[in-house]
Novice: 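I have a structure here, written as structure tokens, and I will follow up with some questions on it.
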Amino acid sequence: MTFTSTTTAPALETRGLTIRFGGHVAVNDVSCRFTPGTLTAIVGPNGAGKTTYFNLISGQLKASAGQVLVEGEDVTGLPPSARTRRGLGRAFQLTNLFPQLTALENVRLAVQSRADAGWSLFKVWNSRRDLIEKAESILERVRLADKRHIAPKALSHGDQRKLEVALLIAMEPKVFMFDEPTAGMSVDEVPTVLELIHDIKQRGDSTVLLVEHKMDVVRSLSDRIIVLHNGTLVADGEPAEVIASPVVQEAYLGVEVARD
Amino acid sequence: MTEPLLQLSGVHTHIGPYHILHGVDFAIPSGQLTMLLGRNGAGKTTTLRTIMGLWQASSGQIRFDGKDITSASTPDIARAGIGYVPEAMGIFTDLTVRENIVLAARSGPVDKNRLDWILGLFPALKRFWNLPAGNLSGGQKQMLAIARAIAEPRRLLLIDEPTKGLAPVMVRSMIEAFKALKAAGETILLVEQNFYAASALGDNVVVMDDGRIVHSGAMSELVADKALQQRLLGLSLDAHQ
Amino acid sequence: MTSSPALPFDETRRQGGFLSAVLSSDLPRSRVLSVVLLAILLVLATTPFVFSGSQPIGTAAKICVFIVLVASYDLLLGYSGIVSFAHTMFFGIGGYGIAIALERLGPTWGSAAIGLVAALALSAVLAVAIGLLSLRVRAIFFSMITLAVASAAAVLASQLSSLTGGEDGLSFQLPQALRPAFRLLSEPLFGTAVNGRLLAYYLVFFVSLLVFLTLLRIVNSPFGRVLQAIRENEFRAEALGYRVVAYRTAASVISALAATIAGALMALWLRYNGPDTTLSFSIMVDILLMVVIGGMGTMYGAVIGAALFVLAQSYLQVLMEAGSSALAGLPLLPNLIHPDRWLLWLGALFVISVYAFPGGIVGRLRRAVP
Amino acid sequence: QDIKIALIAGKTGPLEAYAKQTEAGFMMGLEYLTKGSMTVNGRKINVIVKDDQLKADLAKTLLEQAYNDDKVDLAVGTTSSAAALAMLPVAEENGKVLIVEPAVADAITGEKWNRFIFRTARNSTQDAYGAAAAVPASGDVSIATLAQDYAFGKDGVAALKSALAQIRPNAKVVFEEYAPQNATDFTASAQRIFDALKDKPGKKIINIIWAGQHPLPKIADLKPERFGIEIAPGGNILPAMQIYKNYPGMEGAVYYYYAFPKNPMNDWLVAEHQKRFNAPPDFFTAGGFAAASAVVTAIQKAGGTDTEKLIAAMEGMTFETPKGPMTFRKEDHQALQDMYHFKVKANGKDANDLLDLVATIPADKMPIPVRNKR
Amino acid sequence: MAAESNTPAELPRAKTDWLPLVLIPALALLALPFVGSPSTWVTLTVAGLAMGMMIFLMASGLTLVFGLMDIINFGHGVFISLGAYATLLVLGPLAGWAQADSLGLNLALLLLCILAAMLVTGLVGAVFERVIVRPVYGSHLKQILVTMGGLIVTEQLIHAIWGASPIPIPLPQSLRGAFVFGDIVMERYRVVAVVIGIAVFLGMELLLNRTRIGLLIRAGVENPEMVEALGYRIRRLFVSVFIAGSALAGLGGVMWAFYRQTLTAGMGMEVMVLVFIVIIIGGLGSITGCFVGSLLVALVANYVGFIEPKLALISNILVMALVLIWRPQGLFPVARR
Ligand SMILES: Nc1ncnc2c1ncn2[C@@H]1O[C@H](COP(=O)(O)OP(=O)(O)OP(=O)(O)O)[C@@H](O)[C@H]1O
Ligand SMILES: Nc1ncnc2c1ncn2[C@@H]1O[C@H](COP(=O)(O)OP(=O)(O)OP(=O)(O)O)[C@@H](O)[C@H]1O
Ligand SMILES: CC(C)C[C@H](N)C(=O)O
Ligand SMILES: [Mg+2]
Ligand SMILES: [Mg+2]
């Protein structure tokens, strides 16, 4: 698949996005557009600003400068929940779930948010069978169905990662942001998740942003790679080309590690 | 053969009503690096926590350096010379990087050379020295967790998935660090999903499934035997870096 | 893998039937609990006919009011994870609304309605203001701010003495139909005179029941589920698209309105309201204790906690009186269970009940019996 | 049939000490007046003591229970004015007598009064007249008040002003300072009062109207004498007055001090109290005793416990108390009684030897206004 | 235990936050024109600072227990009362020392009272921790309830032991009265409070900043397991801190008792809202914050009490609101719990 910039508004765009923490510029003037049907991998050394970039897009952090646009609409001033409702979806690098609610309830809450059913005060929650069924089918897809009544605090780390992915899928956003979805997942589980991401991309109307340190994963999934280094966007382009670039080889992979 | 540094025999662990470990037996020879592998939910983390006394073994015995530590308290186990890097890293997010490391050096100020070495391995820590550790990036937190565990020499290090979230270049640093520690005579028990890192480092390997040990032996043996990899880990080494 | 025992209930099971509808499919889920709840309901429904004297009916009315008050607080505490010390302020507003209106505008139903509506409006405005201003800050700061707000409210009630009666509070007359002298039926029913007092009791009883069932419905709605999610991890809830501040503020308002109604009922029943009756910090602590004894995050806990605590409060001294005279002659012991030392035992009760029922009584019952 | 009397008091809570005194005084009073027999007109007296914890709602409920469930003939109580006020309508609804002791709020025998209410305790206005009477009758006197910033303090100041106008026209309240009810640092208040008083001619007095922890030492430590300013503290219970000892020569008015009244009843009370409790009787012991006396005298006079007969007997009734005779005024049922003008002793022989009597202020020298609507 | 490791020199240094410290003099200066008379201003300022010290003494223990250990101890107030009543143990046998006109003897008496109080409250604190608080670490709500229970029980025991009546206690002879310089007055006792307040403040600062105790507590609250896994006996540390907190409350209680010169079982509870406010203003767990907060609250109370007494009722709450608007985490935020 080739990357083409379209004339219509991209699903997501950042313009000059910048954030400073005191003297430290964690994300520095990053402008980028993301089009539907494309999976963009974001790579860079630890502390490069990848997660911070996500935080700025999804609203967990307020930008010092620059804008975030979703389908051409400026969402920079909006709180995270409002951005989510406009179609930005986010999974977290450090697992971030409802620790005492069951896995199913975790997912159901995401489904419920998608269905915009949170404000019904006088209905009984389980009268919405459809929401529950949908949540169950998603747990099925991440292979957690048999653990649906276990709360995250009693799940192993790898299973928590899967649940984190399940929540993002349940939100059915226009823009999916995965932050190292496979970290800590055992080798035999990784393909399941990769398949899920692949499916999402395949549907064509979703935009996927993926932060990942596993280069084989990046290579096999991405249509495009952008590289962040010290908060600055230093490379953007075809995967093979970007991986071969000196900045990635040195700063990220470390010359000798580039085996395989 | 000399007595292993750490020996688990028939360890069972319950967490509340759940029976997690079903008779875990293995030994860690002194001065070597032992890998603990297994799929998600196999019980690796539970094993480490049981050794540290964070969960109490309901039966069986854990011996460290010839002493029974099965029911010793966590601080006593740590004082016996065991360092621990938990899966969730256990960073004190309210404290600065400096304070995190100061606390890790329990017996006094950190040795200057050792600190230089550590900060050389993980330069990011130096940069954010006086910043609350909670502000670090995911990978930087992981580095801090390791730095904390190695701030002082320990007899045995228990490390739970140190490479998750690390960029390839940092994984390399980490491997270097473990090699150096091993050379300095420290013994390491490492839980790892990154099989590349595991195979590069391990002297021995222990594989768990469903709360039991399903394989233990030399790493070289496992690296050579693709069929065994397939059976134990569900994938062969080639498929991943 | 170890098979993980499923939870003792099936979350997805859908209950049919009238009972389930009334209870918003949140059934007691424990036989003992069901029996206890039913017993409390029956006793409260029949107190005036079964017991004689003014103490039992007074205690029963107080239990009804506190069930509403505690349930409304549980919505905040147990379901939303908000620790507020300003809940008595809303209780007080309800009480003063009725008291001031009936005292100033005369003892009619119209003035009671005006008082109640004004109180509800004031409570709603205050709850929104407190919510929007301070639900953003750290939880513990919020608690301390509400502590300050509560003490400011008490100061205000004392300062506005021309309106509130200051420390002395207000005594007032009820509408004709609720006065003891009013007779609805000329003949006693089951040996009990059907007078205004009885009507007042049933007014309290039915309004309490209605408000309680409404609260039960709200916590079991999709909205209630969001509150629980926010309590667990507000950051994540926000990321999932739920506007945390809006949900929390809504929860505060609902809870404040219910507390206001409880305050109004209290004032109606007592024909009096004053700072110690509805505004004092010790009531706040009592509420906390009732929520925790009963079981946080389970509306039924409010019923059990309130019933138990109000009974203990009303009869502890009586019990100790009996105890200490029974033990008279022994050294020291009669002294410690002298009725004037009842607070000592109440304090001990605080400590013991928190230990004995870590998940509250409801939690304990649900675990024990399926 | 027994005579049943309910005694309601705030026995637990911050005023536990007051309530204890009331109860002890009441029981000793009955004992003395019945000569130990605890019978009146051949009927045994049965006292039911109830603890309202200073809570108005509880006081109200307890009184209802006393009248309805316990079927008492009359009730006595209670410690807190708020609680007493809440009890008043209950007496009226049940048509039974309530003797208020020791709550002081004026409204009890004022606007909230009903014909079933009698009060043996003094009211705030009586305190104010006492305080006014302790002010010199001639020459310029400038008074600044220091009171708590709530209804009790404000009413106290208003009462003092009208009392002064009535009996000490030469004295003027020139400054009113109100401090928060729970204030502990009085530097600012004192500075303001000093500023207001220091340039005034004649005698300069700070009159303190305070319930609870007394600010006297805090003001005294700031040396008002630098400006020729004196302090007039109100009377208080003995433990509270013990700090007066450090400031000999201060003058003021008090409701009861064990060494002042000279009559057999008080002599017995002081001796017996010293014997039983190893301390002299205090304010509310005397109050409780007086209430007991009112009860016994009334029942004897009415020849029974019929409410209407009791009311008829009690209106205008004079009865003996440790403070000497008191009289229930016909109009508002307030017991009129003497007060005492005291001076703090220079060196008393023990902790409770505190005051010298300057003068007894007889009841008829204090024209307490009638404020209820009959 | 020196906390400062001999770190390589080129590591970045931590910055000190001076702004809140400037607040006190700034406030005092701002008040001057409104107060008018300079002598009154000095009197008010000195009295306010001294009152602040006393508040600090009462709050300091809670800063440790609530601010650092994150235990909401509503029972703190009863430790203040208990400390106050403990003076009776000394004043009983040594009543003569209080009347003696000798500064040395008077101060010795005060010191003995403090020692006795700290001993008693420390001991009771140990029991309190063991019996009441230990099982509820981590749950604020249960802490509120059990410490409330503990408070009621202890208060009742005070009643049972010492009786319900207020007990007057004498302020030692040479600490009574005031120094007068022209129109400026300075109560002697307040001078003592200032000295003790500063001493305690410096002592705590040293202990917490020069050793790793402060760090350990904060770390232990966030993740006790990890602290134990590093080899520290966190439980023992927590007990000691709780005891220290209770003992400090006892010290504060003694100072408060002599200030009020009357003991009541509720005297500690009465200042609790104020103490909470001070700790919140300070930033939950910061000793400096608690110190500055105490001075701030007391000064404002005095100035407002003089300039506009009507506002004195809510001056504390006002100060808290303003500080939190300026710094929502308090003056010196310690942790982001
Ligand atoms: N609140 C903050 N204050 C100061 N610095 C911060 C803050 N948050 C993040 N940083 C810094 O910003 C940089 C970018 O962090 P970020 O988490 O975005 O990195 P990342 O690219 O996601 O790294 P990783 O691969 O390790 O997850 C880091 O150096 C981090 O220390
Ligand atoms: N606190 C807990 N309560 C109940 N069960 C738990 C708890 N923690 C873990 N478990 C269960 O114990 C089993 C083993 O978990 P453990 O965390 O040891 O796995 P792991 O091998 O470390 O997996 P991963 O690779 O995903 O980290 C899992 O089934 C998990 O669900
Ligand atoms: C008992 C009284 C002298 C004082 C009490 N506070 C009252 O309000 O009446
Ligand atoms: Mg990251
Ligand atoms: Mg694990």
Side-chain angles (χ1 to χ4, degrees), chain D residues 11-21 146 148-150 176-195 198 212-218 220-227 236-247 277 279 282 284 351-352 354, chain E residues 35-37 39-41 43-48 50-52 54-55 156 159 163-171 173 176-178 180 183 185-190 256 259-267 269-271 273-274 298 301-307 309-310 312-316:
Chain D
K11 290 173 38 133
T12 50
L15 300 187
E16 178 170 337
Y18 292 9
K20 291 257 148 80
Q21 293 183 9
L146 173 59
Q148 277 152 315
D149 192 6
Y150 73 114
E176 298 170 27
E177 174 71 9
Y178 297 96
Q181 206 178 333
N182 50 6
T184 47
D185 192 345
F186 295 95
T187 316
S189 298
Q191 286 290 338
R192 285 164 57 85
I193 293 175
F194 294 169
D195 285 352
K198 64 181 170 201
Q213 179 69 53
H214 209 281
L216 167 72
K218 297 297 128 205
D221 278 354
L222 290 171
K223 309 209 170 208
E225 63 273 20
R226 284 181 293 157
F227 308 106
N236 215 322
I237 57 171
L238 289 169
M241 285 199 296
Q242 285 178 17
I243 44 175
Y244 290 10
K245 264 186 48 168
N246 297 325
Y247 313 98
F277 302 98
D282 207 342
F284 303 112
N352 288 321
L354 296 168
Chain E
V35 172
S37 145
S39 66
T40 305
W41 179 77
T43 304
L44 288 176
T45 307
V46 172
M51 179 53 75
M54 266 184 280
I55 298 174
Q156 289 296 309
H159 276 185
S165 310
I167 301 177
I169 60 165
L171 184 57
Q173 191 63 43
R176 282 180 212 155
V180 182
D183 268 354
V185 274
M186 225 180 258
E187 283 165 70
R188 290 164 192 242
Y189 183 67
R190 295 202 191 216
W256 195 233
Y259 177 76
R260 310 246 302 178
Q261 296 176 35
T262 305
L263 306 179
T264 56
M267 66 189 287
M269 205 45 212
E270 282 159 20
V271 290
V273 170
L274 184 63
N302 263 4
Y303 294 140
V304 169
F306 187 81
I307 300 165
K310 262 281 147 206
L313 271 173
I314 51 161
S315 80
N316 302 329

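Here is how names work: the chains are called A, B, and so on, in the same order as the sequence lines, proteins then strands, and each is numbered from 1.
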Novice: Please report the shortest heavy-atom distance between D/P239 and E/P168, naming the atom on each side.
Specialist: O-CG, 3.3 Å

Novice: Quick test of your reading of the model: are D/D221 and E/R188 salt-bridged, counting only N-O distances below 4.0 Å?
Specialist: no

Novice: Sort E/V180 into side chain, backbone, both or neither according to what part of it lies under 4.5 angstrom from a heavy atom of chain D.
Specialist: side chain

Novice: Identify which of E/G177, E/G266, E/A298, E/A265 forms the greatest number of heavy-atom pairs closer than 4.5 Å to chain D.
Specialist: E/G177

Novice: I'd like to verify something: which residue of E/M54, E/K310, E/R190 has the highest number of heavy-atom pairs under 4.5 Å with chain D?
Specialist: E/R190

Novice: Of all heavy-atom pairs between D/A188 and E/G305, which one has the smallest distance, and what is that distance?
Specialist: CB-C, 3.6 Å

Novice: Any idea which of E/I307, E/N302, E/L44 has the most non-hydrogen atom pairs under 4.5 angstrom with chain D?
Specialist: E/N302

Novice: Enter the distance from E/I55:CD1 to D/T184:OG1 here, rounded to the nearest 0.5 Å.
Specialist: 7.0 Å

Novice: Among the options D/K245, D/H214, D/K223, D/Q191, pick out the one with the most heavy-atom pairs lying under 4.5 Å from chain E.
Specialist: D/Q191

Novice: If you measure from CD1 on D/I237 to OG on E/S165, what distance do you get to the nearest 0.5 Å?
Specialist: 6.0 Å

Novice: Could you tell me which portion of D/E177 (side chain, backbone, both or neither) has an atom closer than 4.5 angstrom to a non-hydrogen atom of chain E?
Specialist: side chain

Novice: Might you point out which heavy atoms bring D/I243 and E/Q261 nearest each other, and give the distance in Å?
Specialist: CG2-O, 3.8 Å

Novice: Begin from the C-alpha positions of D/R226 and E/V185 and carry the test side chain to side chain contact (heavy atoms under 4.5 Å, CB included) through to its verdict.
Specialist: CA-CA 10 Å; D/R226 284 181 293 157; E/V185 274; 3.3 Å; yes

Novice: Examine D/K218 relative to E/Y259 and say whether NZ or CZ is less than 6.0 Å from the centre of the six-membered ring and inside a 45° cone about the ring axis.
Specialist: yes

